[in-house]
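Have a look at the structure below, then the notes.
Keep in mind that the numbers below use all heavy atoms, side chains included, and drop hydrogens, waters and symmetry copies.
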Amino acid sequence: MRLLLLLLLPVMVTAQQEMPLYGTEPIPNSRNAAKAEKIDSSGSPVHYSYSKVSRPTLTVWEPPAGKRTGTAVIVCPGGSYVHLAMTHEGTDVAAWLNGLGITAFVLKYRLPSDETMTDKTIGPLQDAQRAIQLVRQRAAEWGVDPGKIGILGFSAGGHLASTAETHFMKAVIANPSGVSLRPDFAVLLYPVISFDDSIGHRGSRDNLIGKNPSPAMIQEYSNELQVTDQTPPTFVIHAEDDKTVKVINSIYFYEALLQHHVPAEMHLYAKGGHGFGLWNPLKKDQWPDRLANWLANGGWL
């Protein structure tokens with residue numbers, strides 16, 4: 001019931017600010033290619049999908065000053081590393097986070113392409129690391145506590161978020177000031193985790209690391225194998241009837257978190273399929289309620 005009220009009540013937010021992720025600096029690992037970004041819209045209400053993204057941006061969603069908790073969340077929409085579901089896995093979620101007093105940053109990350117990148121395998125991770133770095137560097141400007149910065153991702157965006165939380169010791173961006181690239185917590189919604197042939201989502205794998213990756217590359221981006229004791233606390237949601245990304249992805253990741261004594265919480269729903277975003281129409285018990293409780297218990301609200 002509390003979630004339903006949150007969804008029905010208007011969320012007062014300040015005007016959103018979209019900025020180039022790298023400011024006036026050159027985009028790293030970028031080829032000199034013409035901008036080919038496309039925006040598609042469909043449905044009622046309209047859902048926006050971005051493809052061929054080569055110029056990443058970060059859009060700031062700020063809650064009212066009197067409601068701010070100091071917590072920030074970087075939101076990574078999904079889309080198999082071929083498009084970004086920017087509405088139901090991006091802006092809708094940012095507005096809901098604002099309702100909790102969380103400052104949200106919607107990341108329009110680069111989609112892997114040999115045409116626009118020298119090494120497409122690291123392009124999305126560069127943008128996720130840069131988003132964490134930028135929010136930490138400018139935390140005071142946005143009223144954010146630099147020790148309360150999380151990352152949230154759906155589907156392939158969940159793969160990106162889980163990569164950010166397991167690969168933060170391997171900086172793939174310039175970081176001369178040594179800003180911590182480790183998120184303080186992570187939230188994974190029906191995430192792609194493994195690139196193993198038996199359970200991985202082949203489309204996401206092909207788009208990120210190619211159709212004939214080496215065993216070493218498959219292992220590198222199978223994030224259930226990359227968890228360490230330093231991986232941040234993680235909250236995981238998945239539906240058991242997900243036919244697109246097998247629920248075993250989340251189960252294996254959760255087991256790895258437990259093995260490394262990482263605080264974690266996982267909720268599995270019998271029904272929901274894939275891509276339900278903020279609201280699972282097949283369940284009365286909704287994941288944002290569970291997430292709000294987890295954030296509060298963790299000291300982030």
Side-chain angles (χ1 to χ4, degrees), residues 1-21 23 45 48 56-77 86-109 128 130-154 157 161 164-165 179-189 232-235 237 263 265 267 277-280 285-301:
M1 180 61 70
R2 182 176 62 81
L3 173 63
L4 180 59
L5 290 175
L6 280 173
L7 289 174
L8 292 176
L9 289 173
V11 178
M12 301 301 294
V13 295
T14 57
Q16 291 82 50
Q17 174 193 5
E18 183 176 18
M19 68 190 78
L21 186 60
Y48 290 92
T57 67
L58 196 65
T59 300
V60 189
W61 287 64
E62 298 187 73
K67 192 175 177 65
R68 292 180 183 176
T69 62
T71 296
V73 170
I74 296 161
V75 180
C76 304
M86 291 295 289
T87 303
H88 76 290
E89 294 179 352
T91 56
D92 286 354
V93 181
W96 180 79
L97 289 168
N98 280 176
L100 297 179
I102 294 172
T103 305
F105 296 83
V106 179
L107 178 61
K108 186 174 76 172
Y109 54 91
R130 172 56 180 160
I132 295 167
Q133 179 190 60
L134 183 63
V135 174
R136 279 221 164 89
Q137 288 174 327
R138 298 173 59 178
E141 175 183 339
W142 291 310
V144 166
D145 182 334
K148 297 170 69 175
I149 298 171
I151 191 165
L152 178 155
F154 296 84
E165 69 167 318
V179 175
S180 173
L181 303 178
R182 177 185 181 271
D184 295 297
F185 60 90
V187 179
L188 310 178
L189 292 311
T234 304
F235 180 91
I237 290 289
E265 185 168 317
H267 294 270
L278 191 64
W279 183 260
N280 180 352
D285 175 40
Q286 293 296 320
W287 69 261
D289 279 332
R290 307 285 75 77
L291 174 58
N293 292 337
W294 183 77
L295 291 169
N297 290 334
W300 296 296
L301 290 185

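Taking the six-membered ring for Trp and thresholds of 30 and 60 degrees, His267 and Phe235 have ring planes inclined between 30 and 60 degrees apart. Ring geometry, Phe185 versus Trp300: the interplanar angle falls from 30° to 60°, so the pair is classed tilted.
To the nearest 0.5 Å, the span separating CZ on Arg130 from CG on Leu181 amounts to 10.5 Å. Residue Glu62 holds its CD atom at 8.5 Å from CG of Asn98, rounded to the nearest 0.5 Å. Considering CD1 of Ile149 and CZ of Arg182, their distance stands at 12.0 Å, rounded to 0.5 Å. Here the CG-CG distance, from Leu107 to Leu152, works out to 11.5 Å after rounding to the nearest 0.5 Å. The line from CG of Leu97 to CD1 of Ile74 is 12.0 Å long, rounded to the nearest 0.5 Å. Taking NZ of Lys148 as the start and OG1 of Thr69 as the end, the distance is 5.0 Å to the nearest 0.5 Å.
Scanning both residues, Trp294 and Ala186, for their nearest heavy atoms gives CH2-O, 4.0 Å. Closest heavy-atom contact between Gly277 and Trp287: O-NE1, 2.8 Å. Across every non-hydrogen atom of Tyr109 and Cys76, the tightest pair is CE2-CB, 4.1 Å. Nearest heavy-atom pair, Trp96 versus Leu278, reported as atom, atom and distance to 0.1 Å: CB-CD2, 4.0 Å. Contact detail for Ser180 and Ile132: the closest heavy-atom pair is O-CG2, 3.9 Å. Nearest heavy atoms, Ile151 versus Ala164: CD1-CB, 3.9 Å.
Applying the salt bridge (charged side-chain N to carboxylate O under 4.0 Å, His left out) test to Asp184 and every residue at least two apart in sequence or in another chain returns Arg136. Listed by chain and number, the residues in a salt bridge (charged side-chain N to carboxylate O under 4.0 Å, His left out) with Lys108 are Glu18, Glu37 (sequence neighbours excluded).
With contacts defined as side-chain heavy-atom distances shorter than 4.5 Å, the pair Val179/Leu134 does not qualify. For the pair Trp61/Thr91, a side-chain contact is recorded, criterion being any heavy-atom separation below 4.5 Å from C-beta on.
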- [ ] Begin with the C-alpha distance, continue with both residues' side-chain angles, and end with the deciding distance and a verdict on side-chain contact (heavy atoms from CB on, under 4.5 Å) for Thr71 and Leu100.
- [x] CA-CA 10 Å; Thr71 296; Leu100 297 179; over 6 Å; no
- [ ] Would you please test Leu188 and Glu165 for side-chain contact (heavy atoms from CB on, under 4.5 Å) and show each step?
- [x] CA-CA 11 Å; Leu188 310 178; Glu165 69 167 318; 3.7 Å; yes
- [ ] Carefully, step by step, assess Asp285 and Asn280 under the rule side-chain contact (heavy atoms from CB on, under 4.5 Å).
- [x] CA-CA 9 Å; Asp285 175 40; Asn280 180 352; over 6 Å; no
TODO: Please step through side-chain contact (heavy atoms from CB on, under 4.5 Å) for the pair Val93 and Phe154, ending with a clear verdict.
DONE: CA-CA 11 Å; Val93 181; Phe154 296 84; 3.5 Å; yes
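Residue pairs meeting the salt bridge (Lys or Arg N to Asp or Glu O under 4.0 Å) criterion with at least one partner in residues 95-104, sequence neighbours excluded, do not occur; the list is empty.
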